[in-house]
*Asks:* 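Have a look at the structure that comes next, please.
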Number of protein chains: 2
Amino acid sequence: MPLYRQLAAILRGKIESGELAKGDPLPSESYLQQEHSVSRVTVRKAVEVLRDEGLVITLPQRGTFVAEKK
Amino acid sequence: MPLYRQLAAILRGKIESGELAKGDPLPSESYLQQEHSVSRVTVRKAVEVLRDEGLVITLPQRGTFVAEKK
DNA sequence: GCCCATTTGTACGTATGTATG
DNA sequence: GCATACATACGTACAAATGGG
């Protein structure tokens with residue numbers, strides 16, 4: 001599995017487990033980069049997956065947040 | 001060589017030559033941006049290099065200063 | 001105490017180049 | 001050719017703290 005999908009799976013798990021609650025901000029791109037030792041491109045692709053799944057919402061220049069809906 | 005390393009080299013030169021003495025503030029990020037026609041990201045990466053080398057210390061909301069130590 | 005400019009901190013958006021499988 | 005992944009580098013926007021007046 002490509003890195004960005006692995007990272008997406010990790011984040012998805014934290015959302016589904018409730019570790020990241022609705023409305024909570026996801027860790028920032030730069031944090032996720034360092035935390036998982038991947039490039040920003042990879043982080044962004046991972047977040048894009050979750051966005052496409054409707055699990056998170058990204059507010060430009062603000063951050064990405066766990067979506068309210070289920 | 002990437003731009004940020006080139007800029008870091010320029011600043012390092014000014015420190016080592018004494019043009020920027022210990023305790024002196026470095027030019028601000030916005031000044032360096034305009035002076036060298038680069039983005040703020042590039043300036044910040046250059047300064048980060050010097051910080052990692054221990055040549056400068058950055059005080060949040062104050063500026064970056066030439067380190068006292070050698 | 002209050003504005004206001006300056007400066008660094010943070011965060012996302014976008015684009016290009018390079019390399020690998 | 002294409003997807004993946006890294007690095008570099010541009011921009012925009014806003015937050016937070018400091019210091020001067």
Side-chain angles (χ1 to χ4, degrees):
Chain A
M1 207 200 301
L3 273 178
Y4 73 90
R5 286 189 187 281
Q6 290 177 41
L7 179 52
I10 291 172
L11 294 174
R12 191 185 302 112
K14 292 190 176 179
I15 291 172
E16 292 175 343
S17 74
E19 184 176 335
L20 286 172
K22 297 179 183 182
D24 280 356
L26 255 64
S28 72
E29 293 180 353
S30 66
Y31 175 85
L32 291 173
Q33 263 190 77
Q34 297 171 48
E35 188 68 8
H36 298 276
S37 300
V38 295
S39 74
R40 193 180 163 203
V41 176
T42 302
V43 170
R44 286 177 63 78
K45 290 202 71 167
V47 173
E48 186 187 14
V49 169
L50 302 180
R51 202 156 47 226
D52 289 347
E53 292 173 352
L55 289 175
V56 303
I57 294 179
T58 297
L59 304 181
Q61 273 76 52
R62 297 293 299 133
T64 296
F65 304 83
V66 179
E68 295 293 342
K69 83 179 191 73
K70 186 66 171 299
Chain B
M1 206 200 300
L3 275 178
Y4 74 90
R5 285 189 187 282
Q6 290 177 41
L7 179 52
I10 291 172
L11 295 173
R12 191 185 303 112
K14 292 190 176 179
I15 291 171
E16 291 174 345
S17 73
E19 183 177 335
L20 285 172
K22 297 179 182 182
D24 280 354
L26 257 63
S28 72
E29 294 179 354
S30 67
Y31 175 86
L32 291 173
Q33 264 188 77
Q34 296 171 48
E35 188 67 9
H36 298 277
S37 300
V38 295
S39 74
R40 195 181 160 202
V41 175
T42 302
V43 170
R44 286 177 65 80
K45 289 204 71 166
V47 172
E48 186 187 15
V49 169
L50 302 180
R51 204 158 44 227
D52 289 346
E53 292 172 354
L55 289 175
V56 303
I57 294 178
T58 297
L59 304 181
Q61 276 71 55
R62 295 291 299 128
T64 296
F65 303 83
V66 179
E68 295 294 341
K69 82 179 193 73
K70 187 66 171 298

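Each chain gets a letter, A, B and so on, in the order the sequences are listed, and its residues count up from 1.
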*Asks:* Between P on D:dA7 and CZ on B:Arg5, what's the gap in Å once rounded to a whole number?
*Replies:*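 Value for this atom pair: 11 Å.
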
*Asks:* If I take atom CD from residue B:Glu19 and atom CG from residue B:Asp24, how far apart are they, to the nearest 0.5 angstrom?
*Replies:*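 Interatomic distance, B:Glu19 CD to B:Asp24 CG, rounded to 0.5 Å: 10.0 Å.
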
*Asks:* Applying the 4.5 Å side-chain criterion to the ILVMFWY set and letting contacts propagate, would B:Ile57 and B:Val43 be lumped into a single cluster?
*Replies:*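 No.
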
*Asks:* Run the side-chain contact (heavy atoms from CB on, under 4.5 Å) check on A:Leu32 and A:Leu11 step by step: do they pass?
*Replies:* CA-CA 10 Å; A:Leu32 291 173; A:Leu11 294 174; 4.2 Å; yes

*Asks:* For B:Leu32 and C:dT8, what is the distance between atoms CG and C1' respectively, to the nearest whole Å?
*Replies:*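 B:Leu32 atom CG is separated from C:dT8 atom C1' by 13 Å.
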
*Asks:* With a 4.5 Å cut-off on side-chain heavy atoms, are A:Leu55 and A:Arg12 touching?
*Replies:*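 Result yes, sub-4.5 Å side-chain heavy-atom pair found.
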
*Asks:* Among C:dG13, D:dA9, D:dT4, which is the nearest nucleotide to the side chain of A:Glu29?
*Replies:*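 Minimum distance to the A:Glu29 side chain belongs to C:dG13.
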
*Asks:* What is the distance, rounded to the nearest whole Å, between atom CE of A:Met1 and atom C1' of D:dA5?
*Replies:*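 In whole Å, D:dA5 C1' and A:Met1 CE are 16 Å from each other.
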
*Asks:* Between residues 38-49 of chain B and DNA chain C, which residues have a heavy-atom gap below 4.0 Å?
*Replies:*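 Under 4.0 Å from DNA chain C: B:Arg40, B:Arg44.
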
*Asks:* Figure out the CG/C1' separation between B:Leu59 and C:dG9, and round it to whole Å.
*Replies:*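 Answer to the nearest Å: 14 Å.
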
*Asks:* May I ask you to evaluate whether A:Ser28 reaches the phosphate of C:dT10, defined as a side-chain N or O under 4.0 Å from OP1 or OP2?
*Replies:*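 For A:Ser28, the contact criterion (side-chain N or O under 4.0 Å from OP1 or OP2 of C:dT10) is not met.
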
*Asks:* By nearest atom, which of the nucleotides D:dT8, D:dA15, C:dG13 is closest to the B:Pro2 side chain?
*Replies:*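 Taking heavy atoms from C-beta onward, the closest nucleotide is D:dT8.
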
*Asks:* To the nearest Å, give me how far apart CD (A:Gln34) and C1' (D:dA7) are.
*Replies:*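 Atom-to-atom, A:Gln34 to D:dA7, this comes out as 15 Å.
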
*Asks:* Taking the side chain of B:Leu3 as its heavy atoms from C-beta onward, which of D:dA9, C:dG9, C:dC12 lies nearest to it?
*Replies:*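 Of all the options, the side chain of B:Leu3 is nearest to D:dA9.
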
*Asks:* Output the rounded distance in Å from CD1 (A:Ile57) to P (C:dC12).
*Replies:*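 Going from CD1 in A:Ile57 over to P in C:dC12 covers 15 Å.
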
*Asks:* Under 3.5 Å, is there any donor-acceptor pair linking the side chain of B:Gln61 to the base of D:dT18?
*Replies:*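 Per atom types, no contact qualifies.
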
*Asks:* With a 4.5 Å limit on heavy-atom distance, are the side chains of A:Thr42 and A:His36 in contact?
*Replies:*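 Heavy-atom side-chain distance check fails, nothing below 4.5 Å.
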
*Asks:* Both A:Leu26 and B:Pro27 contact DNA chain C. Taking the nearest nucleotide for each, which residue is further toward the 5' end?
*Replies:*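 Closer to the 5' end of DNA chain C: B:Pro27.
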
*Asks:* Is there side-chain contact between B:Glu53 and B:Val49, with heavy atoms separated by less than 4.5 Å?
*Replies:*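 When only atoms from C-beta onward are counted, B:Val49 and B:Glu53 do touch, with a gap below 4.5 Å.
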
*Asks:* From C-beta outward on B:Tyr4, which listed nucleotide comes closest to its side chain: D:dA9, C:dT8, D:dG19?
*Replies:*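 For B:Tyr4, the side-chain atoms sit closest to D:dA9.
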
*Asks:* Looking at B:Arg62, does any N or O in its side chain come under 4.0 Å of the phosphate oxygens OP1/OP2 on C:dT8?
*Replies:*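 For C:dT8, neither OP1 nor OP2 has a side-chain N or O of B:Arg62 closer than 4.0 Å.
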
*Asks:* Tell me which one of A:Thr58, A:Leu7, A:Asp52 satisfies side chain to side chain contact (heavy atoms under 4.5 Å, CB included) with A:Val47.
*Replies:*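 The side chain to side chain contact (heavy atoms under 4.5 Å, CB included) with A:Val47 is passed solely by A:Thr58 among A:Thr58, A:Leu7, A:Asp52.
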
